[in-house]
Asks: 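This is the structure I want to talk about, given as C-alpha cells.
Below, chain A is the first sequence line, B the second, and so on; all start at residue 1.
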4 protein chains.
Amino acid sequence: MTDLCGSERRDMFKAAAMELACQYGYEGATIKRIAQKCGVTVGTIYHYFENKEELFREALRERTFTTVLKKLIGEIEEKPIDEGLFQVATGFVGFLRERRNLISILVSEGLHNGEFGSLFADIVRQNTELMKSYFDRKIAAGELAPIDSRIAVQMFFGHFFTAYLHKERMQMEHLPPLDEAFVRGSIALLLHSWRQP
Amino acid sequence: MTDLCGSERRDMFKAAAMELACQYGYEGATIKRIAQKCGVTVGTIYHYFENKEELFREALRERTFTTVLKKLIGEIEEKPIDEGLFQVATGFVGFLRERRNLISILVSEGLHNGEFGSLFADIVRQNTELMKSYFDRKIAAGELAPIDSRIAVQMFFGHFFTAYLHKERMQMEHLPPLDEAFVRGSIALLLHSWRQP
Amino acid sequence: MTDLCGSERRDMFKAAAMELACQYGYEGATIKRIAQKCGVTVGTIYHYFENKEELFREALRERTFTTVLKKLIGEIEEKPIDEGLFQVATGFVGFLRERRNLISILVSEGLHNGEFGSLFADIVRQNTELMKSYFDRKIAAGELAPIDSRIAVQMFFGHFFTAYLHKERMQMEHLPPLDEAFVRGSIALLLHSWRQP
Amino acid sequence: MTDLCGSERRDMFKAAAMELACQYGYEGATIKRIAQKCGVTVGTIYHYFENKEELFREALRERTFTTVLKKLIGEIEEKPIDEGLFQVATGFVGFLRERRNLISILVSEGLHNGEFGSLFADIVRQNTELMKSYFDRKIAAGELAPIDSRIAVQMFFGHFFTAYLHKERMQMEHLPPLDEAFVRGSIALLLHSWRQP
DNA sequence: AATGAATGAGCCTTCATTCAT
DNA sequence: AATGAATGAAGGCTCATTCAT
C-alpha cells in the first residue's frame, strides 16, 4: 500500500506474522491472515519469503535479548549488585513486553517444533552464559557469596519470565502486577536470606 | 478392542489425546490420530465427546497438582523448612514429569486459547494460595524471615517450572540435570542470602 | 452416487483419473476434476487414496499388456509365424486402444516423472523378454532365420506402438488406418526381405 | 547479462525453455525458472514473447529433422540401399540426441495439447513424405522389392524413434545401446527376410 | 529494455464433523 | 456402540501474467 522499500516490506510482514501468531498461535497465523493484515495478497508474501517457516524463523531470530543484555551488563559492572540486578530484571521484563509476540511463539511452538525449539534453546544459552559470568565475577570480587551461579541464573531469569508469562500473557488476576515494587521485592528476596537469621 | 466400560474408554481417549498433543501440539493431535492410537475409528470418539475441545478440556481438568500439594503440605507442616521445600519441589517436578503432556498443552495452548488459558490460571491460583499460606504460617512461626510470601511462592514454583521446561521439555543441553542435587542446591539458594554477609 | 462397494469406488476413481489424464495430462487431471467426474467431493478421494500419485500409480499398474501377451503366446506356439505375429500385433493394438489412457500417461509422464518412468520401463522389459523367447524358440525350430531377436522384438513392438501413437492418439491424417490390412502388411514387411532378391 | 541482440535473446530463452521442459515437463518449465536460467527476471521474457505458449511454439517450430533429411537424401541417392539407410538412421538418431528437449516436449505434450500435437504431426508428415519418395525411387529402380513403402517408412522411423525413447530418454537398462552395431543390425533386419528361406 | 512487486485463481492436501448403516 | 464414507472449508504454496517504474 504505502510506499515502502523491500526491506521495510519484509519487516512489515514479519511484524504482522508475530502479532497474529501471538494472538492465534502459529497455526492460527495463516498466510492469508498475514497478507490481509498487510493489505496484500498471499502471493506477495511468497515473493518475499520462501515459505511460512522462513518468515517466522527470520522474525524470531531478528532481535533477541542477548544484544540488550550485553549492553546492560557493560553498564552495571561497577554498580552495587542489587542495583545491577534491578536494571537487568527491568530490562528483561521490558524486553519481554516489547517482544511479547516473539516470546509467545518461542514458548508455545518451541515445545513441538524442532526448529523453533532449538532457536529458543540458543537464545537461553547465550543469556545464561552472559549472566553467569557476571555472577562469577561478583563472587570473585567478594560481593556475592560463593553460590552456585548456574542455578542462580536460572532462578533469576526463570522467576521474571514466569511472572511475566503468568501475569501479562495469561492475565492471572490473582498475581501482583509486574511493576518496580515487584522487581525490587523479587531481588530483595534473592539477595537476602529467607531464613530467619 | 479389549473390553472396556464406557468410562475407561473415555480415559483412554483422553490419555491418547494428551500424549499426541504433547508430541505434536494441539493442532497436530488430530481426531484421526487419536482414534488410530486407540484402535477405533473417528466416529467412535464422537460418541464419547461432543467435539475435540470437550475431549481436551476434560482431559486437562482431570488431575492437577493441587491434590498432590494439599497432601504434601499436610505431611511437611512439622518438618524443618528446607526439608519441607525439598519435598514440595520434588513432588512438583515429579508431577510435571508424570503429567508432561498436560503441562505442554496448557502452556502452549493456554497462550492463545481462552478456555485453556483460564484453566491454567485456575490451577496456578490454587497452588499459589496453598503454598502462600504455608509460607505465611512459617513466617508467623518465626522460621522464615518476614519476606513477601506472594513473590516467594512465584519464585519457588517459577524456578522449578522453568527449569523443568527448559531442561526436560526443550532439551537444553547446557543446563544441569534436574536431579536431587539441583533441587537441594536451588533450595539452599533460596533460603540463604546470596549476598556475602 | 450409485451404490458401490469400496473396491468399486476405487476403480471408479482410477478410471476417471485415467480418462482425464489422457485428455488433459497428469497435471491437468486435478483431484477436483476427478472428484467432480465421479460426483463426489475432493475429500472423498483422499479417503480412498493416500495422494494423487498413489491413485495414478495404482491405476497404471493395474493391467498391463504382459498378462495378455502371456496368454497370446501360449495360444500361438504351434501356429505359423505370420499368423502368430498377426495375433500378437492385433492383441497389442487392441490393448493400446482399450487402455488408451494408460499409454498416454506412461509416455508423457514417464519422460520426467521417475516413478512413472520406471513403471513404464518394467512393463516394456517384461514384454520384451516374453517376445524375445518366443522368437528364440522359432529360430531354434528353424522357422525364423538366425536374426538378432532382441532388435527384432524392439522393431516389432516399436512399429505398432508408434503407428498407434501417431495415427490414433495424434490423429495424423496422412497415415494409413491401423486396420487388419495394415497389420498384415507390416508383418509381411518384417518377414520378407525388403531387398529385391 | 552479456551483450546480446534481440534475436539472440529470444534464442536463449527458447533454448532454456526447451531444456527445462525436457527435464521437468511443460508445466514444470515455469517462466520463473526459465528466467533464472537466463539470468533475467520474469518480466523480461514477456517483452520477447506474448506468453508461455508462444515461447514454446516458436522454440519447437524452429529446426526440424526435415531440413537434415533433405540434405541426407540428396547425398545418398546413388549409394547402395543399406548404406543409405544407415546414414539416414544415424542422422536421425543424432538429431534426436541433439534436439532431445524438443522431442520430449512434442511427445509428452503433443498428446494433450492440440497446438503441439499438430506441430508434431506436421513434422512427421514431412519426413514421411520425403522418405517414402526415396523408397519409391528405390523400388522403381529395382533395388527394393515392391514393398508397401508407406508402412516401410513408418517402420523405419518408428523403430529408431522408439529405440531412442526407451533407451536414451527412459534409461531402460535391459535394452542394447543405440550404437553403430545396433543401427547396422536393425537395417540388416529390415532388408533381409526374417523367415528362413 | 528491463525490473520485480503484485495479483488471484487454482493446486494438493488436511481435518473436524456428520450420519446412514 | 461402532463404523467409515462423505463433506467442504481452509491451509500452504505455485505460477502465468500484468504493470508502474
Asks: Show the nearest heavy-atom pair for residues C:Ile105 and C:Ala21, with the distance to one decimal.
Replies: CD1-CB, 3.3 Å

Asks: Starting at OG1 of C:Thr41, measure out to CD1 of C:Ile31 and round the result to the nearest 0.5 Å.
Replies: 12.0 Å

Asks: Would one find a side-chain N or O of A:Thr41 under 4.0 angstrom from OP1 or OP2 of E:dG8?
Replies: no

Asks: Whether B:Arg99 and B:Glu62 form a salt bridge (side-chain N of Lys/Arg under 4.0 Å from carboxylate O of Asp/Glu) is what I want to check.
Replies: no

Asks: Please report the closest heavy-atom contact between C:Ile34 and C:Ala16, naming both atoms and the distance.
Replies: CG2-CB, 4.1 Å

Asks: Just N and O in the side chain of D:Arg33: are any of them under 4.0 Å from OP1 or OP2 of F:dC15?
Replies: no

Asks: Can you check whether A:Thr44 has a side-chain N or O nearer than 4.0 Å to OP1 or OP2 of E:dT7?
Replies: yes

Asks: How long is the line joining OH of A:Tyr46 and C1' of E:dC11, in whole Å?
Replies: 13 Å

Asks: CD/A:Glu27 to NZ/A:Lys52 distance, rounded to the nearest 0.5 angstrom?
Replies: 6.0 Å

Asks: Calculate, to the nearest 0.5 Å, the distance between atoms CG and CG belonging to A:Leu111 and B:Leu165 respectively.
Replies: 5.5 Å

Asks: Check each of A:Lys37, A:Arg33, A:Lys14 against A:Glu19 using the salt bridge (charged side-chain N to carboxylate O under 4.0 Å, His left out) test, and report the only one that passes.
Replies: A:Lys37

Asks: By nearest atom, which of the nucleotides F:dT7, F:dA16, E:dC11 is closest to the D:Thr30 side chain?
Replies: F:dA16

Asks: Looking at C:Arg10 and C:Glu58, is there a salt bridge between them, counting it only when a charged N and a carboxylate O are closer than 4.0 Å?
Replies: yes

Asks: Between D:Glu27 and A:Glu27, which has a closest nucleotide on DNA chain F that is more 5'?
Replies: A:Glu27

Asks: Between B:Ile31 and C:Ile31, which is nearer to the 5' end of DNA chain E once each is assigned its nearest nucleotide?
Replies: C:Ile31

Asks: Specify the separation, in whole Å, of atom CD1 of D:Ile34 and atom P of F:dC15.
Replies: 11 Å

Asks: Does C:Tyr26 or A:Phe13 map to a spot on DNA chain E nearer the 5' end, using the closest nucleotide for each?
Replies: A:Phe13

Asks: From E:dA2, E:dG8, E:dC11, pick the nucleotide closest to the side chain of D:Tyr48?
Replies: E:dA2

Asks: How would DNA chain F look in dot-bracket form, 5' to 3', counting Watson-Crick and G-U wobble pairs with both distances under 3.5 Å and writing | for bases paired to another strand?
Replies: .||||||||||||||||||||

Asks: Calculate the interatomic distance between D:Gln36 atom CD and F:dT14 atom C1'; express it in whole Å.
Replies: 13 Å

Asks: Can you list every ring-ring contact (aromatic ring centres under 6.0 Å, His included) pair that touches residues 23-43 of chain A, not counting sequence neighbours?
Replies: A:Tyr26-A:Phe56, A:Tyr26-A:Phe116

Asks: Is a donor-acceptor contact shorter than 3.5 angstrom present between the side chain of D:His47 and the base of E:dA1?
Replies: no

Asks: Calculate the interatomic distance between A:Arg10 atom CZ and E:dG4 atom P; express it in whole Å.
Replies: 14 Å

Asks: Could you state the atom-to-atom distance from OH of A:Tyr24 to C1' of F:dG11 in whole Å?
Replies: 16 Å

Asks: Looking at DNA chain E, which of residues 49-57 of chain C put a heavy atom within less than 4.0 Å of it?
Replies: C:Asn51, C:Lys52

Asks: What pair of heavy atoms forms the shortest contact from C:His112 to D:Gln23, and how long is it?
Replies: CB-O, 3.3 Å

Asks: Specify the residue among A:Ala29 and B:Ile45 whose closest nucleotide of DNA chain F lies further upstream toward the 5′ end.
Replies: B:Ile45

